[in-house]
Amino acid sequence: MSLLTTQDITMKFGGLTAVNEVSMSIQPGQIHALIGPNGAGKSTLINVISGFYRPTSGKILLNEQEIQGKKSSTLSHLGISRTFQNLRLFKNLTVLDNLLIGLHNEIGNSFVSSMFRTPSHHKAEKQAKEIAEHLLHEVGLWTLRDMQTKSLPYGKQKWLEVARGLISKPKLLLLDEPAAGLNPTESDELEQFVRKLPEQGVTVLLIEHDMRLVMRLAEEITVINFGKKIANGTPQEIQNDATVIEAYLGKGRKHA
């Protein structure tokens with residue numbers, strides 16, 4: 001059974017069709033890549049899946065339950081999380097506080113317990129801090145936990161964005177161009193980190209322009225162009241697909 005399935009998803013903005021009847025299936029424990037040229041509709045499709053847009057038509061199924069049109073906060077509780085290509089961090093807060101904010105809606109702490117500082121409130125705060133601290137160790141940001149986010153180098157901010165995506169312990173993580181702006185060493189470290197996520201119960205949908213990274217990480221790739229799906233298959237199949245070579249990689253050119 002697929003973890004996530006899109007069925008003929010279409011997203012229109014007035015007279016513009018940004019996504020046109022795109023169907024794909026993501027299996028549990030899989031690293032699945034979504035690729036395509038700039039303007040192909042990748043970000044729009046991710047925004048639909050993550051609840052930022054309600055699709056014009058089509059269905060999205062999470063464990064066979066329809067979720068299209070649900071708010072992003074609801075989808076977070078259902079197990080879908082995402083990162084953003086344009087970082088959405090609280091620049092004046094510390095690294096640790098950025099993660100704790102991400103857990104605010106996951107703790108289940110009531111207004112009354114927060115207001116009166118009940119034992120359940122203290123317990124929830126302690127649990128949240130333990131989760132955040134563990135994740136900071138995992139992504140190499142522990143020693144920077146008290147630093148203001150705006151003072152972090154760009155590569156470290158990207159790691160913090162990834163950590164924010166993981167803080168709610170999602171079943172499905174949508175990674176939107178996580179390697180953009182990283183140097184080769186940082187990109188290699190990211191590759192090794194993402195490769196291990198399925199072992200921790202996290203399925204990944206990767207949107208990325210670094211084709212070498214995609215080909216090394218992805219088990220299955222979906223390609224879209226001008227809002228339509230043009231190919232789906234293994235990295236080997238995609239590299240040898242004439243339509244993909246012409247539309248995405250460049251006519252007559254193949255990437256290793």
Side-chain angles (χ1 to χ4, degrees), residues 1-6 22-36 42-43 45-46 48-51 60-65 67 72 75-85 99 102-103 106 130-142 155 158-180 182 185-224 229 231-239:
M1 181 179 73
S2 298
L3 175 63
L4 184 96
T5 303
T6 68
V22 172
S23 297
M24 67 177 179
S25 293
I26 301 171
Q27 306 307 312
Q30 185 180 63
I31 298 177
H32 190 121
L34 175 66
I35 67 173
K42 302 184 300 296
S43 293
L45 182 56
I46 293 304
V48 170
I49 293 172
S50 57
I60 305 173
L61 305 177
L62 179 67
N63 289 325
E64 299 188 336
Q65 175 187 354
I67 61 169
S72 57
L75 295 178
S76 177
H77 286 296
L78 291 174
I80 296 179
S81 183
R82 68 167 296 178
T83 66
F84 292 88
Q85 178 184 355
L99 289 191
L103 273 175
E106 306 297 328
E130 288 174 352
I131 293 170
E133 289 177 346
H134 173 75
L135 192 51
L136 288 176
H137 278 290
E138 290 292 306
V139 300
L141 293 176
W142 171 247
K158 294 284 284 190
W159 273 110
L160 181 55
E161 179 75 9
V162 172
R164 277 172 56 87
L166 289 167
I167 194 67
S168 61
K169 297 185 177 180
K171 300 173 187 174
L172 175 64
L173 177 63
L174 314 177
L175 286 175
D176 192 354
E177 298 197 28
L182 299 185
T185 299
E186 291 169 334
S187 183
D188 288 344
E189 291 172 349
L190 176 71
E191 177 186 343
Q192 296 308 313
F193 183 82
V194 173
R195 192 182 300 280
K196 295 177 182 177
L197 289 178
E199 300 172 8
Q200 302 167 27
V202 182
T203 301
V204 176
L205 177 58
L206 173 68
I207 302 89
E208 182 56 61
H209 279 293
D210 183 340
M211 289 302 300
R212 293 184 183 276
L213 180 63
V214 169
M215 294 300 172
R216 289 196 299 257
L217 272 178
E219 300 162 68
E220 187 172 353
I221 301 172
T222 299
V223 189
I224 61 175
K229 184 172 79 172
N232 193 92
T234 66
Q236 177 94 25
E237 291 168 338
I238 294 303
Q239 287 183 95

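These values consider heavy atoms only, across backbone and side chains, with no hydrogens, waters or symmetry-generated copies.
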Using atom types as modelled and distance alone, determine if a side-chain donor or acceptor of [X] lies under 3.5 Å from a backbone N or O of [Y].
X	Y	result
Glu220	Ile26	no
Thr6	Ile49	no
Lys158	Ala179	no
Ser72	Gly51	no
Ser81	Leu166	no
Lys42	Leu34	no

Close side-chain approach of [X] to [Y], heavy-atom, < 4.5 Å:
X	Y	result
Leu160	Leu99	yes
Leu217	Pro235	no
Leu75	Leu78	yes
Asp188	Arg216	yes
Val194	Pro178	no
Thr83	Arg164	no

Looking only at non-hydrogen atoms, find the nearest pair between [X] and [Y] and report the distance.
X	Y	answer
Pro198	Gly29	CB-O, 3.4 Å
Ile221	Ala218	CG1-CB, 3.8 Å
Val202	Pro170	CG2-O, 3.6 Å
Leu182	Gly155	CD2-CA, 3.8 Å
Gln27	Ser2	NE2-OG, 3.1 Å
Arg195	Ile31	CA-CD1, 4.0 Å

Worksheet item: Does the pair Thr222 and His32 meet the rule for a side-chain contact (heavy atoms from CB on, under 4.5 Å), with working shown?
Response: CA-CA 8 Å; Thr222 299; His32 190 121; 2.7 Å; yes
Worksheet, complete the sentence: The salt bridge (Lys or Arg N to Asp or Glu O under 4.0 Å) partners of Glu219 (sequence neighbours excluded) come to none
Fill in: Partner set under salt bridge (Lys or Arg N to Asp or Glu O under 4.0 Å) for Arg82, not counting sequence neighbours
Asp176
Practice prompt. For Glu64, look at atom CD and say whether over 12 heavy atoms of other residues, nucleotides or ligands are found less than 6.0 Å away.
Written response: no
Discussion item. Angle between ring planes, His137 versus Trp142, binned at 30° and 60°: parallel, tilted or perpendicular?
Written reply: parallel
Worksheet item: Can you list the residues that meet the side-chain contact (heavy atoms from CB on, under 4.5 Å) rule with Gln200, with sequence neighbours excluded?
Response: Lys196, Leu197
With rounding to the nearest 0.5 Å, note down the distance linking [atom1] in [X] to [atom2] in [Y].
X	Y	atom1	atom2	result
His134	Ile167	NE2	CD1	9.5 Å
Leu135	Glu130	CG	CD	13.5 Å
Met215	Ile238	CE	CD1	7.0 Å
Leu136	Ile131	CG	CD1	12.0 Å
Glu186	Phe193	CD	CZ	14.5 Å
Leu3	Asn63	CG	CG	5.0 Å

Worksheet entry | Member of Leu205, Ile60, Leu62 meeting the side-chain contact (heavy atoms from CB on, under 4.5 Å) criterion with Ile80 | Leu62
